[in-house]
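Here the structure is a predicted model, which is why all the values come from computation and not from measurement. First listed ligand is number 1; within each ligand, the first listed atom is number 1.
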Amino acid sequence: MTASMEKGVSRAMELASARQIAAQSPPLEARPHPWLRNAAITAAGGAVFASLASIIDQSAWAVPIAAAGSATAVGVGALGYRAKMRDVEVDRAIEQLSPQLGLAAPSRETIKASRWDARGWPGRPGRLVIRYASAKLSLDEHFIARINEVLSGQAWGEYRLQKHDTRRRRIIFVPTRASEEKTVEEAASIARAKRTVLTLLGPTCKITKTEFDPVTGELRALEASHEVGTKIAPSGYRNRIERTVSGLLSGRWRAKWELEKDTVRFEVRPNFEKNVWHPAPVLSDDNPLINYDSVKIPYGIDEDGHVMYWRPAVDPHMMLVGSSGTGKTVTAHTVLTEVTANGWIVWVVDGKGVEFLGFQDWPNVQIVAAQIAHQVAVIHRAWQVMEERYAAIIAGEAQETDFEPLVLFIDEFADFRGNLLNWYSMIKGKGDPTKPRTLQEVGSIARKGRTSRVHMVLGTQRPDAEYFGGDMRDNFRMRVSMGRLSPQGAQMMWESMSIGTSIPRGCRGRATTVNDANDAVEIQTYRTPDPRKVGPGDEGYELFEVLRPAVARHPRLLILDPEPDEVDIDKGDSEEVELRFHNYAMAPWGRAEDHPYSDPVALRAKGRSRDTARGATPLEILGIYSKRLPRTKDLLDAAESAHARPELTVVPELLADDVVEDDWEGFSEPAVSSPGDIQVGDLICVDEDTDHWAVVDSDPGPDEFDEDHYAITWRGDGDSEGVLSVPEDGEVSLRRALEFA
Ligand SMILES: Nc1ncnc2c1ncn2[C@@H]1O[C@H](COP(=O)(O)OP(=O)(O)OP(=O)(O)O)[C@@H](O)[C@H]1O
């Protein structure tokens, strides 16, 4: 990156005002201020009178006269010096105001400062009368604001307009009242804010309102009307304005545009919470037959604290997308705990096999399928429930309100799909279709599930066009994308190359979703502890008490061994019958309490855990575990049922902080690009010295403050953001998402 690129917006603003200051030549000639001479004459006069007193034999008066003379001399000197300082300050204001008043050279006729108050040194004028020559100036509606900005930039505090007499071309400013008085710095920042907004939104812009923090007195919001609706229609332009205003004022600012009304509100952005623990579920009724229509599942909050909800009766299925470590599973756990608190049935297909183990004995979770044969069975049975309910409605034997809702969670759908296809290729028999029916069943639930109250929560790393195209995608209107999306992922998820592409990577659980107004918004998802990983004394543990449903309405279930097809001995079939896909899909189910030896929860309760030392090393898996440690048969024993998961103790996951992420995964090697070629979603180096890279979050466009420059808005990995100004012929170091490189 070139040195000129490091110039940010604030520098552009400084330049803009520097240009004006440069225009104010020549400076005023200093006024004569003989304060030292006057003080000396006064002191000398005192001395003369003191000596005269002695001569005329009144020597008792000599000392008092000498003292009074000295004191008067000091007073004369101080007043004279103060007058000089005041004149210097007024002259400086005159010089700075001349360009605003359209004068080629500053003139002392422009400002008359009077009614000085003695607060501070050398005091401040209680009234400033400003005269201007051309009536044309007053036609510019920013005229007064600009003058006020210059006045606020002096060391006198803040002023307000008292009177503008356009006929006599005279403006009177007085200090703001004590109650509304701001520090010089605050006043300057307010003036700068107004000025920035006026500059960015053009001469038709009017500041209509300002709001201050009642406690600190700081500017909190500023509203404006404008007539540049067409110009600001592209979101990139609005983004640049927002970021420029934010860069110039203290704190993070955002803009709320009312495009139809041609108004905008700039306001201080609330701080986004980084960790929001899942609040206790709010329930009206936990009977699923009664609460069905009203259930809303909260899963996070936006930056203003508004809660985001999934309403299954309105949007039947939910899709959670996000790459590894973004918080997808935590959000799925949030949804699961809410769904079960409402008394709804939950079935889980745990694509990775370990993410939902902690919920195996959670009330109202009937089954957690961790291995592929069971997962196929769970999906098939959910599909069967749907079909039979559907058939019952068609036959007039039932109606929707008769059905208890069932939510099928499929976590890590892409992993599951891959495993399924592999597994199917191994068990597929003669006459079986080329692809397992399971995938069709998922599609079918997505399309028809709502009528029979069979819902899905589907999590996956990326929404692949191959299986989320067309219908399938449209049936998942409730979507959450966790973490930062690639531009292509954003197109798939949000039909926009930019939505969700600039989520800061350093903020776990940060996501994009759609709010009730159907706008895409950034949210912080709730954090729900995982019962498998969080034990007594750990952070979040006490939450289980409020999250765990008080009543288990639905019994835990197990998938039992599949039954082979009946053997036709007459036809000479061998006694060894291979299990086929349909045998697994139709495997019988039973209540967990009736099958303690197949129940992983019961087995775990019996305390069959792996020898920890043995589990810590991969040597055992390689079959070369040290003979010095006794080899136990626990693991094998635990697998006495062919399909029960033998082990629930899993080597702990690395903590998020321990993971050294590859910052550039999915991005190209750095290359040099011209600013006009930069796209939303590119990573650019915003500071060469610190090697600070950030993601571009809107299309680059002309820099309103600097001719022949591009302004590029960016967001960093934390909650930082900014705008980079680059000359049109300058260069930017860039990494592009690989699918676009
Ligand atoms: N909402 C959240 N608030 C705070 N921290 C979170 C949140 N969600 C996730 N995290 C942190 O991020 C870690 C990873 O989350 P999670 O396991 O849900 O990711 P994931 O997207 O499912 O990843 P993977 O696909 O690898 O399982 C969690 O262990 C937790 O420390």
Margin query: Within the 4.0 Å heavy-atom shell around Q461, which atoms of ligand 1 are there?
Written below: 25 (O)
Next item on the list: Run the ring-centre check on H317 versus W310 and record whether the distance is less than 6.0 Å.
Entry: no
Checklist line | Region of M482 engaging ligand 1 - heavy atom pairs below 4.0 Å | finding: neither
Checklist line | Per-atom contacts, ligand 1 versus E355 - under 4.0 Å to a heavy atom | finding: 27 (O)
Checklist line | Per-atom contacts, ligand 1 versus E412 - under 4.0 Å to a heavy atom | finding: 25 (O)
Check: Hey, do the aromatic rings of Y292 and H455 have their centres closer than 6.0 Å?
Finding: yes
Margin query: Only heavy atoms of K352, strictly under 4.0 Å: list the atoms of ligand 1 that pass.
Written below: 24 (P), 25 (O), 26 (O), 27 (O)
Item checked: Element-labelled atoms of ligand 1 that are located less than 4.0 Å from some non-hydrogen atom of S323 -> 21 (O)
Listing, residues 539-559 side-chain donor-acceptor contacts under 3.5 Å, not counting sequence neighbours, or none:
| residue | atom | partner | partner atom | Å |
| --- | --- | --- | --- | --- |
| R553 | NE | D286 | O | 2.9 |
| R553 | NH2 | D286 | OD1 | 3.3 |
| H554 | NE2 | G343 | O | 2.7 |
| R556 | NH1 | D599 | OD1 | 3.2 |
| R556 | NH2 | D599 | OD2 | 2.8 |

Note to self: Within this structure, what is the CZ-CD distance for the pair R510 and E303, rounded to the nearest 0.5 Å?
What the structure shows: 8.5 Å
Next item on the list: Say whether G322 and ligand 1 are in contact under the criterion: heavy-atom distance to a ligand atom below 4.0 Å.
Entry: no
Notebook entry, point to check: Taking the minimum heavy-atom distance to atom 23 (O) of ligand 1, which of G325, A332, C507, G540 ranks first?
Noted result: G325
Note to self: Could you tell me, atom by atom, which parts of ligand 1 come under 4.0 Å of a heavy atom of Q524?
What the structure shows: 3 (N)
Note to self: Check this for me - ligand 1, G327, N or O atoms closer than 3.5 angstrom, yes or no?
What the structure shows: yes
Notebook entry, point to check: Has ligand 1 got any nitrogen or oxygen that is less than 3.5 angstrom from a nitrogen or oxygen of V330?
Noted result: yes
Margin query: Checking T512 against W494: is there a side-chain donor and acceptor pair closer than 3.5 Å?
Written below: no
Item checked: Test of ring centre spacing under 6.0 Å for Y299 and Y309 -> no
Notebook entry, point to check: Between F667 and W693, does the ring centre distance come in under 6.0 Å?
Noted result: no
Checklist line | Polar atom proximity, T525 to ligand 1 (N or O, under 3.5 Å) | finding: yes
Item checked: Under 4.0 Å to a heavy atom of Y526 - the qualifying atoms of ligand 1, by number -> 1 (N)
Next item on the list: Hey, could you give me each pair passing salt bridge (Lys or Arg N to Asp or Glu O under 4.0 Å) that has a residue in residues 486-504? Not counting sequence neighbours.
Entry: R473-E495
Next item on the list: May I ask you to decide if the ring planes of W589 and W347 are parallel, tilted or perpendicular, using 30° and 60° as cut-offs?
Entry: tilted
Check: Counting each atom of ligand 1 from 1 as listed, which ones have a heavy atom of N275 under 4.0 Å away?
Finding: 3 (N), 4 (C)
